[in-house]
Amino acid sequence: MTEQNIKVVSWNINSIRIRLEQLKKIVTELNPDIICLQETKCENDKFPLASVQELGYKYVAHRGQASYNGVAIISRVQFKEIIEKDFCGKSDCRYIGTEFNLGTKKKSVKLHNFYVPAGGDEPDINKNPKFKHKLDFLDEMYQHMKAQIADDQYHVIVGDMNIAPHVNDVWSHRQLMNVVSHTEVERSKLLEIISKHNFCDVLRYYAEEDEKVYSWWSYRNRDWKKSNRGRRLDHIWITQNLLEHYNDHYIYQTARDFERPSDHVPISITLQVSNIT
DNA sequence: ATGGTTGTTTAACAA
């Protein structure tokens, strides 16, 4: 971290244990102060804490379960509190938050890291309980963030939301409108969380309206770059009071070409925190 | 219209 800026990366790592070398590369290339990870697929006692700390991230908050899900926030900057919450009555480790004190006045900035359920294949709550879980999760996410922002502090919300809300967040709106991640009901629920809480959807806000923005490319395409059938499933949202502190953002598309890559690429935001008062 | 791949864990399951 410079004294001026703080860089936060969000990445669905799809197993932290097999991609530690890639995490190291991302640290070298992007030099983030804080990294939010999803799909760590790693139980708490198997979390590679020492390796992460050797990369320079002394402060670690993580919640994981075997085989599936799991989230982590690793940081060079000390946080003063960890926020843990279960959603939908399940202990499936899809959320973790941390509270920092930043800027000259040591103002509270809360960072929220989400891994929204993918929702299965069939976009019908009567046939597919995983899709119902996804919609229920979004409702609870709405309420959780409503309670969180009641303190009128600074909030950064990141994660794999598993929803591409805008028409140009997918390679073909027409072909994906009945595909889970881009159905009307999911898109409107996600957009409602953003708009009703007055968040800024950073990656879309700083793009042209007709510009395609992707963070994920399926493993099931032979050549992801050639077919370029991407979706913007990963998000960074900030409260309006942080918009004036926005410095930069980045989608690290190069990571999709790593050897044995995750299907998601890291996204980042840089905030100028020195003048937070 | 269908199938395509990956990770965890070892036959499915989830993404």
Side-chain angles (χ1 to χ4, degrees), chain A residues 10-26 36-48 51 62-72 86-88 90-95 113-125 127-138 141 158-165 169-172 174-183 185-187 190 214-235 253-267:
Chain A
S10 174
W11 185 33
N12 180 320
I13 193 169
N14 188 13
S15 169
I16 189 169
R17 282 172 291 178
I18 67 156
R19 265 181 264 281
L20 275 170
E21 280 305 308
Q22 293 181 40
L23 185 64
K24 188 175 183 178
K25 197 165 177 183
I26 284 158
C36 298
L37 298 168
Q38 305 89 34
E39 270 203 277
T40 48
K41 293 186 172 178
C42 181
E43 277 175 299
N44 284 338
D45 57 3
K46 290 180 183 162
F47 190 90
S51 305
H62 63 93
R63 303 177 70 195
Q65 61 169 30
S67 306
Y68 307 118
N69 314 326
V71 285
D86 287 337
F87 286 72
C88 303
K90 296 174 189 284
S91 54
D92 54 355
C93 306
R94 295 180 177 277
Y95 169 83
N113 180 20
F114 282 96
Y115 176 49
V116 175
D121 288 331
E122 182 75 44
D124 181 337
I125 59 168
K127 293 184 196 160
N128 174 11
K130 289 205 277 270
F131 193 65
K132 182 172 190 320
H133 178 212
K134 185 176 196 175
L135 300 188
D136 290 345
F137 189 99
L138 292 167
M141 188 173 167
V158 306
D160 175 6
M161 310 308 187
N162 267 316
I163 297 170
D169 293 338
V170 291
W171 61 275
S172 168
R174 190 177 58 82
Q175 288 181 254
L176 291 174
M177 56 196 297
N178 295 316
V179 172
V180 172
S181 76
H182 195 60
T183 65
V185 60
E186 298 166 79
R187 295 169 60 210
L190 199 76
Y214 307 143
S215 66
W216 174 89
W217 291 262
S218 173
Y219 284 128
R220 299 179 193 181
N221 289 315
R222 208 155 282 163
D223 185 336
W224 72 275
K225 207 182 271 177
K226 192 177 172 190
S227 56
N228 198 24
R229 295 185 166 185
R231 304 178 200 171
R232 184 173 71 101
L233 303 181
D234 302 275
H235 292 243
Q253 199 173 308
T254 303
R256 192 62 181 77
D257 269 333
F258 285 170
E259 198 175 328
R260 298 194 77 191
S262 169
D263 43 356
H264 297 254
V265 299
I267 59 176

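Numbers restart at 1 for each chain; the letters A, B, ... are given by sequence-line order, proteins then strands. Here the structure is a predicted model, which means the values were calculated and not measured.
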Out of [options], which has the shortest distance to the side chain of [X]?
X	options	value
A:A118	B:dA15, B:dT9, B:dT5	B:dA15
A:K130	B:dA15, B:dT9, B:dG7	B:dA15
A:K41	B:dG7, B:dT9, B:dG4	B:dG7
A:Y115	B:dT8, B:dT5, B:dA15	B:dA15
A:Y68	B:dT9, B:dA14, B:dA15	B:dA14

> For DNA chain B, whose closest nucleotide is more 5', that of A:R220 or that of A:E43?
Replying inline: A:E43
> A:R229 or A:D160: which one's nearest nucleotide on DNA chain B is closer to the 5' end?
Replying inline: A:R229
Whole-Å distance separating the [atom1] atom of [X] from the [atom2] atom of [N]:
X	N	atom1	atom2	result
A:E39	B:dC13	CD	P	18 Å
A:D223	B:dT5	CG	C1'	14 Å
A:H264	B:dG7	NE2	P	13 Å
A:D263	B:dT8	CG	P	12 Å
A:Q38	B:dT6	CD	P	21 Å
A:W216	B:dA15	CH2	C1'	8 Å
A:K90	B:dA14	NZ	P	11 Å
A:W224	B:dT6	CH2	P	15 Å

Could you work out the separation of [N] and [M] based on their [atom1] atoms and round it to a whole Å?
N	M	atom1	result
B:dT6	B:dT2	P	23 Å
B:dT5	B:dA1	P	22 Å
B:dA14	B:dT9	C1'	12 Å
B:dG4	B:dT8	P	22 Å
B:dA11	B:dG7	C1'	14 Å

>> Using OP1 and OP2 only, check whether a side-chain N or O of A:S67 sits under 4.0 Å from B:dT9.
In response: yes
>> Please tell me if A:R222 has a side-chain N or O lying less than 4.0 Å from either OP1 or OP2 of B:dG3.
In response: no
I'd like to check [X] versus [Y] (side-chain heavy atoms, cut-off strictly below 4.5 Å). Are they in contact?
X	Y	result
A:R94	A:F87	no
A:L138	A:I163	yes
A:V185	A:F131	yes

> Base, sugar-phosphate alone, or nothing: which one does A:R260 contact when heavy atoms must sit under 4.0 Å apart?
Replying inline: sugar-phosphate
> Can the positive tip of A:R229 be found less than 6.0 Å from the middle of the six-membered ring of A:W171, inside 45° of the ring normal?
Replying inline: yes
> With A:N14, which of A:Q38, A:R260, A:K41 fulfils side-chain hydrogen bond (donor to acceptor under 3.5 Å, both in side chains)?
Replying inline: A:K41
> Would you call the rings of A:W217 and A:W224 parallel, tilted or perpendicular if under 30° counts as parallel and over 60° as perpendicular?
Replying inline: perpendicular
